[in-house]
Amino acid sequence: MENLLELSHITQSFVKPEGRALKVLDDINLNLKEGEIVGLLGKSGSGKSTLLRIIAGLIKPSGGNVALGDHLGISMVFQTFALFPWLTVLQNVELGLEAQGVPDKEMRKRALEAIDLIGLDGYESAYPRELSGGMKQRVGFARALVVNPAILLMDEPFSALDVLTAETLKTDFLDLWTERKMPLKSVLLVTHNIEEAVLMSDRILIFSANPGRIAAEIKVDLRHPRDRQSAAFMAMVEQIYTLMTSGMRKRDFSTAKAHDITMHDNLPRVSPNQLAGLMEALASPPYNGRADLPALDQDLGMGTEDVLHLVEALRILKFADVDAGDIHLTVAGKAFADADTQKRKQIFAEHLIQSIPLAAYVYRVLQGRPGNHAPRIRFLTQLEDHMTEEDAAEALAAVTSWGRYAELFAYNDNSETYSLENPEA
């Protein structure tokens with residue numbers, strides 16, 4: 001079948017203020033055929049949204065080629081609703097047609113048809129402030145569909161919605177897709193939710209990060225409508241969990257060193273209380289120290305990416321390991337779960353120094369500074385030489401939270417200063 005879209009060796013780098021290039025996408029090769037939904041699955045920061053913007057023509061790639069079939073239109077649905085609050089539903093949907101110079105009569109007809117198709121008939125004169133989140137996103141879909149695109153790009157379109165609303169919108173969209181009631185020929189869906197990818201996609205491309213690369217491709221041979229409780233569906237979810245955590249290999253913790261990660265690696269932004277709660281849950285029945293990740297995801301009801309961030313944090317702190325889609329507590333993880341509050345802080349501090357180079361670095365700097373004080377900007381500037389500003393801030397925020405919990409160092413948010421002082425003293 002003919003390709004509607006071909007991406008060849010796409011790379012994307014952004015130049016930092018000091019002139020250094022930061023690569024976010026590396027050698028992306030992708031094709032999109034008629035009649036398929038392709039899911040781009042990966043953690044935040046893997047460049048998926050950047051790739052969509054390259055395809056949409058909003059960003060020019062640093063390298064590679066984007067080949068789009070002749071006379072094929074592209075529309076995009078964003079995570080945020082991006083509606084103009086001073087325009088009605090009808091006027092928001094008409095905007096794309098107005099930009100194309102479509103005559104008023106035809107514009108009104110096509111906009112009303114799109115509104116009806118997406119299930120918002122009766123709300124044409126309503127303003128965004130009168131709509132629920134789900135309704136606002138339906139307006140986003142209608143606005144994207146009204147221009148009759150061949151390819152629809154969807155950038156986490158359900159992530160800002162509550163669970164029930166998101167499920168209803170997914171089901172309605174899939175019904176329209178399978179019944180061929182939309183003008184679309186193909187869909188490219190960005191998501192970080194594994195179940196969502198399996199529910200909707202015909203092919204799934206799994207992205208790794210730093211920089212973003214396609215790490216694996218999976219074909220989803222499941223007929224619509226898909227049953228989430230079926231053995232085939234659950235097996236595919238399990239397979240993808242295994243692939244996405246395949247870098248979390250078992251290690252010899254007696255010889256593992258802090259350079260397992262570097263000072264400039266991204267760190268998951270999770271709270272120590274969440275980590276403690278997860279270790280407690282894993283240590284207790286029915287898990288008794290070991291859990292299947294898809295089952296744990298479902299039991300916790302937190303969302304796939306949140307669970308993966310917690311799992312990754314436990315792994316790099318050497319409180320847990322991951323193998324074939326299962327997470328299990330290490331000896332240290334079990335000791336932490338069984339300890340009282342003060343002992344937990346001591347264990348956490350030891351693992352923070354041994355396993356997180358950034359935490360160890362902050363601690364060493366404070367030990368060597370007069371008065372054992374140092375400004376936040378000192379660490380942030382150094383991180384930004386090797387990371388994006390956002391990633392640097394996230395990594396430092398994670399280490400700050402973990403260091404405070406472990407009573408390794410203190411932080412004053414008013415003066416933005418770290419110290420070795422006990423804030424209670």
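Numbers here simply count residues along the sequence, with the first being 1. All values reported here derive from a predicted model rather than from experimental measurement.
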*asked:* side-chain contact (heavy atoms from CB on, under 4.5 Å), that's the test. Do Phe319 and Leu275 meet it? Break it down for me.
replied: CA-CA 9 Å; Phe319 288 129; Leu275 294 174; over 6 Å; no
*asked:* Applying side-chain contact (heavy atoms from CB on, under 4.5 Å) to Asp297 and Leu293, what does each step give before you reach the verdict?
replied: CA-CA 6 Å; Asp297 187 344; Leu293 274 174; over 6 Å; no
*Starting from the C-alpha separation in whole Å, work towards a yes-or-no answer on side-chain contact (heavy atoms from CB on, under 4.5 Å) for Arg369 and Arg378.*
CA-CA 12 Å; Arg369 297 266 296 197; Arg378 186 223 188 281; 4.2 Å; yes
*Evaluation steps, side-chain contact (heavy atoms from CB on, under 4.5 Å), between Glu124 and Gln91*: CA-CA 8 Å; Glu124 295 86 354; Gln91 291 167 336; over 6 Å; no
*side-chain hydrogen bond (donor to acceptor under 3.5 Å, both in side chains) between Asn65 and Ser8: does it pass, once the steps are laid out?*
CA-CA 5 Å; Asn65 183 59; Ser8 303; 5.1 Å; no
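Atom CG of residue Asn31 and atom CG of residue Leu4 lie 9.5 Å apart, to the nearest 0.5 angstrom. To the nearest 0.5 Å, atom CD1 of residue Ile327 and atom CD of residue Glu312 are 10.0 Å apart. Atom NZ of residue Lys345 and atom CG of residue Leu408 lie 11.5 Å apart, to the nearest 0.5 angstrom. Taking CD1 from Ile214 and OG from Ser46, the interatomic distance works out to 10.5 Å, rounded to the nearest 0.5 Å. Atom CZ of residue Arg143 and atom CD1 of residue Ile118 lie 12.5 Å apart, to the nearest 0.5 angstrom. The CG atom of Leu30 lies 6.5 Å from the CG atom of Leu51; values are rounded to the nearest 0.5 Å.
Here the closest heavy-atom approach between residue Asn29 and residue His9 is recorded as OD1-N, 2.8 Å. Nearest heavy atom pair, residue Glu94 against residue Met107, reads O-SD, 3.6 Å. Heavy atoms only, all atoms of each residue included: Thr330 and Lys318 are closest at OG1-O, 2.9 Å. Ala144 approaches Met76 most closely through the heavy-atom pair CB-O, 4.1 Å. Listed here is the closest heavy atom pair of Leu308 and Tyr241: CD2-CE2, 4.0 Å. Closest non-hydrogen pair, Arg269 versus Glu394, comes out as CB-OE1, 3.4 Å.
Distance alone, capped at 3.5 Å, is enough to place a donor-acceptor pair between the Gln137 side chain and the Phe78 backbone. For Lys23 (side chain) and Thr11 (main-chain N/O), no donor-acceptor pair under 3.5 Å exists by modelled atom type. Although no hydrogens or angles enter the test, the distance criterion places a donor-acceptor pair under 3.5 Å between the side chain of His351 and the main chain of Leu317. No side-chain donor-acceptor contact under 3.5 Å links Asp391 to the backbone of Asn266. The backbone N or O of Pro103 lies less than 3.5 Å from no partner atom in the side chain of Glu106, so there is not a single donor-acceptor pair. Formation of a donor-acceptor pair under 3.5 Å by the Ser201 side chain with backbone atoms of Ala197 is found in this model. When atom types are taken as modelled, the side chain of Asn92 and the backbone of Thr88 share a donor-acceptor pair closer than 3.5 angstrom. A side-chain donor-acceptor contact under 3.5 Å links Thr168 to the backbone of Leu164. Asp27 places no side-chain N or O within donor-acceptor distance of the main-chain N or O of Ile10, the cut-off being under 3.5 Å. The backbone N or O of Ser415 sits less than 3.5 Å from a side-chain atom of Thr417, completing a donor-acceptor pair.
Classification of Arg226 and Glu195 as a salt-bridged pair fails, no side-chain N sitting under 4.0 Å from a carboxylate O. A salt bridge links Asp155 with Arg53; the closest basic N to acidic carboxylate O contact falls under 4.0 Å.
Within the 4.5 Å cutoff, the side chain of Leu314 has heavy atoms near those of the Met279 side chain. Under the 4.5 Å side-chain criterion, counting only non-hydrogen atoms from C-beta, Pro268 is in contact with Ile316. Looking only at side-chain heavy atoms (C-beta outward), Pro157 and Val77 come within less than 4.5 Å of each other. Side-chain contact between Val270 and Trp402 is present, with at least one heavy-atom pair separated by less than 4.5 Å. The side-chain heavy atoms of Asn148 and Arg110, taken from C-beta on, include a pair separated by under 4.5 Å. With a 4.5 Å cut-off on side-chain heavy atoms, Ile151 and Leu32 count as touching. With a 4.5 Å cut-off on side-chain heavy atoms, Val198 and Ile218 do not count as touching. Residues Ile261 and Leu267 are in side-chain contact: their nearest non-hydrogen atoms beyond the backbone lie under 4.5 Å apart.
Counted by atom type alone, Tyr361 and Gln382 present one or more donor-acceptor pairs between their side chains at under 3.5 Å.
By the 30° and 60° cut-offs, the orientation of the rings of Phe141 relative to Phe173 is tilted. Classified by interplanar angle (parallel below 30°, tilted 30° to 60°, perpendicular above 60°), the ring pair Tyr405/Phe336 is tilted. Ring geometry for Tyr418 against Tyr411 counts as tilted: the plane angle lies between 30° and 60°, on a 0 to 90° scale.
A cation-pi arrangement is found for Arg129 relative to Tyr127, the charged atom lying closer than 6.0 Å to the ring centre and inside a 45° cone about the ring normal.
Paired with Val220 under the rule side-chain contact (heavy atoms from CB on, under 4.5 Å), one option of Asp202, Ile240, Ile204 passes, and it is Ile204.
Within 6.0 Å of CD on Glu130 lie more than 12 heavy atoms contributed by other residues, nucleotides or ligands. Under a cut-off of 6.0 angstrom, the local environment of CZ in Phe84 is sparse, with at most 12 non-hydrogen atoms contributed by other residues, nucleotides or ligands. The 12-atom threshold is exceeded at CZ of Arg213, counting heavy atoms of other residues, nucleotides or ligands nearer than 6.0 Å.
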Let me check something: any side-chain donor-acceptor pairs from residues 178-191 under 3.5 Å, sequence neighbours excluded? List them with distances.
from, atom 1, to, atom 2, distance (Å)
Thr178, OG1, Leu174, O, 2.9
Thr178, OG1, Asp175, O, 3.2
Glu179, OE1, Lys181, NZ, 3.0
Arg180, NH1, Trp177, O, 2.6
Ser186, OG, Lys33, O, 3.2
Ser186, OG, Glu36, O, 2.9
Thr191, OG1, Asn193, N, 2.9
Thr191, OG1, Glu196, OE2, 3.0

